[in-house]
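Working notes, structure below.
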Amino acid sequence: MTERPSTPRPRTDAAEAGGEERTRRPARPSGYRISGVQGHVITELGRAIVSGRFAPGELLPREPDLMAEFSASRPSLREALKVLAAKGLIEMRQKVGTRVRPRDLWNTFDSDVLAWHFGEGDGTAALRDTMMRDLIELRLMIEPAAAQLATGRATIEDLRRIRAALHAMEAATGDLTSYAHADVAFHMAVFAASHNVLLGSFAHLVADFLHLSFSIQQQALKADKSIEDDIGQHRIVFEAITGGEGEAAARAMRDVILDGKDSLLAALK
């Protein structure tokens, strides 16, 4: 195992076993706090767009109509629209109006946009299932490569973080909520151990997505043996990284994702 010289990275407590609650979940990518009347408008209008009530390319109702629907003042409505524009959902043009942008231009990894895909109501189940399948495909393309890079680049501190996350998974077999947090921490630690800046940024971008995915798929892990099998597969990834076995680490990570896919599909039925 060789170390790649790099600028020291700040320690991320979210990847540690038993980290404080405030570090367990990643920061909101949007950077906005949703509350009050403005938050109500952001949430309800965002859900309406994601669910298809307002389709891509369609103009939103005029300001007076939206103000009446959401019982909001003009300043609150306009600030809410700015937030939705920052999330990529809409574009505002003078003398034209506010139009819903094409779906592929939305900031899908934004915490709120992601949550709206998992909301209640007709059509959201199909959106959720599609996004989960897309996430699996994306992970299969990226995570095995990250694990393989980690075998040649992981430092002692990186290995300690991965091991701590694995131990946290072992300690949380009776609490699937804590187990999901530890599972995310494990994968984040592997990404960090690749010492690839873009992979590290990607990991933080999809952290909320991973947490939702793991929380759903672990609903299918009802028997202790299933959880033990899952832990065992993660342990194989860790041991391959520790041993500097790149191809084995990539295979093991692929197995983790594919087995997680089976649990996820079972939970989505």
*Between Val41 and Leu84, is a side-chain contact (heavy atoms from CB on, under 4.5 Å) present by the stated rule, with each step listed?*
CA-CA 10 Å; Val41 178; Leu84 294 175; 5.9 Å; no
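- At most 12 non-hydrogen atoms from other residues, nucleotides or ligands lie less than 6.0 angstrom from CD of Glu247.
- Between Pro144 and Ile257, some side-chain heavy-atom pair lies under the 4.5 Å cut-off.
- The aromatic rings of His181 and His211 lie tilted to each other, with the angle between the two planes from 30° to 60°.
- Atom CG of Leu166 is separated from atom CZ of Phe238 by 7.0 Å, given to the nearest 0.5 angstrom.
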- prompt: Should Phe54 and Thr98 be marked as a side-chain contact (heavy atoms from CB on, under 4.5 Å) after you check the CA-CA gap, both sets of side-chain angles, and the distance that decides it?
  reply: CA-CA 11 Å; Phe54 300 116; Thr98 301; over 6 Å; no
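- By the 4.5 Å heavy-atom criterion applied to side chains, Glu245 and Glu239 are not counted as neighbours.
- Side chains of Phe109 and Asp208 form no contact here, defined as non-hydrogen atoms less than 4.5 Å apart.
- Minimum heavy-atom separation, Gly246 to Gln148: O-CG, 3.6 Å.
- Between the Arg153 side chain and the Ser194 main chain, a donor and an acceptor come within less than 3.5 Å of each other.
- The same ILVMFWY cluster, assembled from side-chain heavy atoms under 4.5 Å apart, contains both Leu210 and Leu138.
- Considering CG of Leu105 and CZ of Arg103, their distance stands at 11.5 Å, rounded to 0.5 Å.
- Linking ILVMFWY side-chain heavy atoms closer than 4.5 Å, directly or via other members, places Ile236 and Met253 in two distinct hydrophobic clusters.
- Residue pairs meeting the salt bridge (charged side-chain N to carboxylate O under 4.0 Å, His left out) criterion with at least one partner in residues 165-180, sequence neighbours excluded, are Glu170-Arg235.
- At distances below 3.5 Å, not a single donor-acceptor pair connects side-chain atoms of Arg47 with backbone N or O atoms of Trp116.
- When all heavy atoms of Met92 and Ala85 are compared, the pair lying nearest together is CE-CB, 4.1 Å.
- In the hydrophobic clustering of this structure, Val96 does not group with Leu66; members are Ile, Leu, Val, Met, Phe, Trp, Tyr whose side-chain heavy atoms approach within less than 4.5 Å, directly or through other members.
- The backbone N or O of Val197 sits less than 3.5 Å from a side-chain atom of Ser201, completing a donor-acceptor pair.
- The side-chain heavy atoms of Lys261 and Arg133, taken from C-beta on, include no pair separated by under 4.5 Å.
- The CG atom of Leu258 sits 13.5 Å away from the CZ atom of Arg251 when rounded to the nearest 0.5 Å.
- You'll find the side chain of Met132 reaches within 4.5 Å of the side chain of Phe209, heavy atoms only.
- Atoms CZ and CG, from Phe191 and Leu149 in turn, are 10.5 Å apart once rounded to the nearest 0.5 Å.
- Under the 30°/60° scheme for interplanar angles, the aromatic rings of His187 and Phe214 are found to be tilted.
- At least one side-chain heavy atom of Leu60 sits less than 4.5 Å from a side-chain heavy atom of Leu81.
- Taking both residues in full, the closest heavy atoms of Ala72 and Val37 are given as CB-CG1, 3.8 Å, listed atom of the first, atom of the second, then distance.
- Annotation: Arg254, atom CZ; neighbour count of heavy atoms from other residues, nucleotides and ligands within 6.0 Å does not exceed 12.
- With respect to Met131, the side-chain contact (heavy atoms from CB on, under 4.5 Å) criterion is satisfied by exactly one of Ile136, Leu114, Leu212: Leu114.
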### Query
Would Asp183 and His234 count as a side-chain contact (heavy atoms from CB on, under 4.5 Å) if you check the C-alpha gap in whole Å, the side-chain angles of each, and the deciding distance to 0.1 Å?
CA-CA 9 Å; Asp183 200 349; His234 283 75; 3.0 Å; yes
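- Between Ala154 and Leu159, the shortest heavy-atom distance links the atoms CB-CD2, 3.9 Å.
- With hydrogens and angles left out, the side-chain atoms of Thr155 and Asp158 include a donor and acceptor closer than 3.5 Å.
- Within the 3.5 Å criterion, the main-chain N or O of Ala48 finds a donor-acceptor partner in the side chain of Ser51.
- For the pair Thr151 and Ala249, the tightest heavy-atom approach, listed with the atom from each and the gap, is CG2-CB, 3.5 Å.
- The two residues Ile162 and Ala193 have their closest heavy-atom pair at CD1-CB, 4.2 Å.
- To the nearest 0.5 Å, the span separating CD1 on Ile42 from CZ on Phe70 amounts to 11.0 Å.
- Side-chain contact between Asp230 and Tyr179 is present, with heavy atoms from C-beta onward closer than 4.5 Å.
- Rounding to the nearest 0.5 Å gives a distance of 4.5 Å between CD1 of Ile231 and CD of Glu228.
- Both Leu205 and Leu199 are members of a single hydrophobic cluster when ILVMFWY side chains are connected at heavy-atom separations under 4.5 Å.
- The closest side-chain heavy-atom distance from Leu77 to Glu63 is below 4.5 Å.
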